[in-house]
Amino acid sequence: MSQTRRIIICGGGVIGAAIAYFLSRRGAKPVVVERHEVAGSASGKSGGFLALDWCRGSALDRLARRSFALHASLADELGNPWGYRRLDTFGGVAAESGGVRSRPGRPWLSERVTITGRLGSPETTALVEPRAFTTGLMRAAEVNGAELRRGIVVDLVRSPTGAARGVVLESGEIVEGDGVVIAMGPWSIVASRWLPLPAVYGFKGHSLVFRTGDAVPAEALFLEYEEASGEMLTPEIFARADGTVWACAVSSTASLPVDPADVTADEGAHARLEALCRAVSPAIAAAPIVARQACFRPVTEDGLPLIGAVPGLDGAWVATGHSVWGMLNAPATGEAMAELILDGTTSHVPLRHFSPGRLKAFAGLRNQSS
Ligand SMILES: Cc1cc2nc3c(=O)[nH]c(=O)nc-3n(C[C@H](O)[C@H](O)[C@H](O)COP(=O)(O)OP(=O)(O)OC[C@H]3O[C@@H](n4cnc5c(N)ncnc54)[C@H](O)[C@@H]3O)c2cc1C
């Protein structure tokens, strides 16, 4: 198959950017169409935590292991502007009530926290700053000849034989190519109006970023935290290479807005998370907040991503539904998609578990389309 194929990728999140990068490395000409901004949604706001073997025993294991290795090599090859770092990872318990002084031996944490075990080492866990990772991959793809277009994809263009050959933008413009990839994260469900895709749902999470300088060592922390009300939260707190700490804990069932630019935080969610962070860490308690964030991760019916050809429609592929492991699994997804599109098969990770055809196509939005 020709390596100079022009592939239209709908969505400039980490999955779209990774596909563009790996296609461009093979000499293809990807065109990423993004309606809001590259890394403007979950791919710029997530934790960026990576683990070698936390998907052990699940269908994701090979994808995750290949991706973990690719993260290390991408950081080497592309100069690591996204702060890729290996780190230690711990689990623990904490309660809102309890001592506020620093823990002996681990002064960035308060006496409220009890470390219960080591969950990962620098050999098995790592971290990236997700916005810089996503935009870094997109920039590297552009250096290789990829194109980035601003626009809202609203429909598919088909050839006389019915194959996918491009997309229609809301402006009326048509962007043509040799094939189309849907990588719109939770908004991929909109594409089920134009092609037979299983449903993808959005699950909302809130996060805060604190500027802590060098007060917090290269550690990631997964806690079970009891609020004074008795409610339990499961915060994740990650120390980044750029002197910030990212923390999340509060998720919600709020519905996905049509426009990614309209995602806002639920009332009170950030205040609750801030109180938790300041309670568990004197270093965070003394640090200014540099970002208050909310975003939606894409989830499928069975919890596994959709990665592969759209059944019954030549020239159409999908890559979405990566849920809590989209940052980790983006590189191997990008690599496998580039192989599938250009070679018709994959060499590193088999995609059978992720075949879009395993789930029923979602028809719920079709009646609403104009
Ligand atoms: C709170 C939180 C923490 C997380 N932490 C981690 C973590 O530590 N490690 C990890 O591996 N994963 C983590 N994840 C998961 C990860 O962030 C996601 O799986 C990943 O970002 C999904 O990437 P995506 O490219 O599929 O979607 P998105 O990032 O949502 O990108 C989709 C893009 O499509 C664009 N788009 C939508 N509609 C259209 C249209 N019609 N036309 C053109 N463009 C369109 C959007 O504007 C958006 O930019 C976390 C997620 C959340 C919510």
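Index from 1, following the sequence. Below, all heavy atoms of this structure are taken into account, side chains as well, without hydrogens, waters or symmetry copies. Atoms within each ligand, like the ligands themselves, are counted from 1 in listed order.
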Sub-3.5 Å pairs, protein N or O with ligand 1 N or O:
from, atom 1, to, atom 2, distance (Å)
ligand 1, 5 (N), Gly47, N, 3.0
ligand 1, 8 (O), Gly48, N, 3.2
ligand 1, 8 (O), Phe49, N, 2.9
ligand 1, 9 (N), Phe49, O, 2.9
ligand 1, 11 (O), Val324, O, 3.4
ligand 1, 11 (O), Met327, N, 3.0
ligand 1, 11 (O), Leu328, N, 2.8
ligand 1, 12 (N), Val324, O, 2.8
ligand 1, 12 (N), Gly326, N, 3.4
ligand 1, 12 (N), Met327, N, 3.4
ligand 1, 19 (O), Ser323, O, 2.7
ligand 1, 19 (O), Gly326, N, 3.3
ligand 1, 21 (O), Ser43, N, 3.3
ligand 1, 21 (O), Ser43, OG, 2.9
ligand 1, 23 (O), Ser43, OG, 3.1
ligand 1, 25 (O), Val14, N, 3.2
ligand 1, 25 (O), Ile15, N, 3.2
ligand 1, 29 (O), Ser43, N, 3.1
ligand 1, 29 (O), Ser43, OG, 2.5
ligand 1, 41 (N), Val153, O, 3.1
ligand 1, 42 (N), Val153, N, 3.0
ligand 1, 44 (N), Arg35, N, 3.2
ligand 1, 47 (O), Glu34, OE2, 2.5
ligand 1, 49 (O), Glu34, OE1, 2.7
ligand 1, 49 (O), Glu34, OE2, 3.2

Could you give me the CA-CA distance, side-chain angles and deciding distance for Tyr21 and Leu74, then say whether side chain to side chain contact (heavy atoms under 4.5 Å, CB included) is met? CA-CA 11 Å; Tyr21 175 69; Leu74 286 171; 3.5 Å; yes
I would like to know whether Trp54 and Phe49 meet ring-ring contact (aromatic ring centres under 6.0 Å, His included); could you show each step before the answer? CA-CA 11 Å; Trp54 288 23; Phe49 180 78; 5.1 Å; yes
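Members clustered with Ile284: Phe90, Trp108, Leu109, Val113, Ile115, Leu208, Phe210, Val216, Leu221, Leu223, Tyr225, Leu233, Ile237, Val245, Val250, Leu273, Leu276, Val280, Ile289, by chain and number, using a 4.5 Å side-chain heavy-atom cutoff among hydrophobic residues.
Here the closest heavy-atom approach between residue Ala51 and residue Thr125 is recorded as CB-CG2, 4.3 Å.
Dense packing is recorded around OH of Tyr201, with more than 12 heavy atoms of other residues, nucleotides or ligands lying under 6.0 Å away.
Only one option out of Ile15, Val38, Thr134 pairs with Ser43 in a side chain to side chain contact (heavy atoms under 4.5 Å, CB included); it is Thr134.
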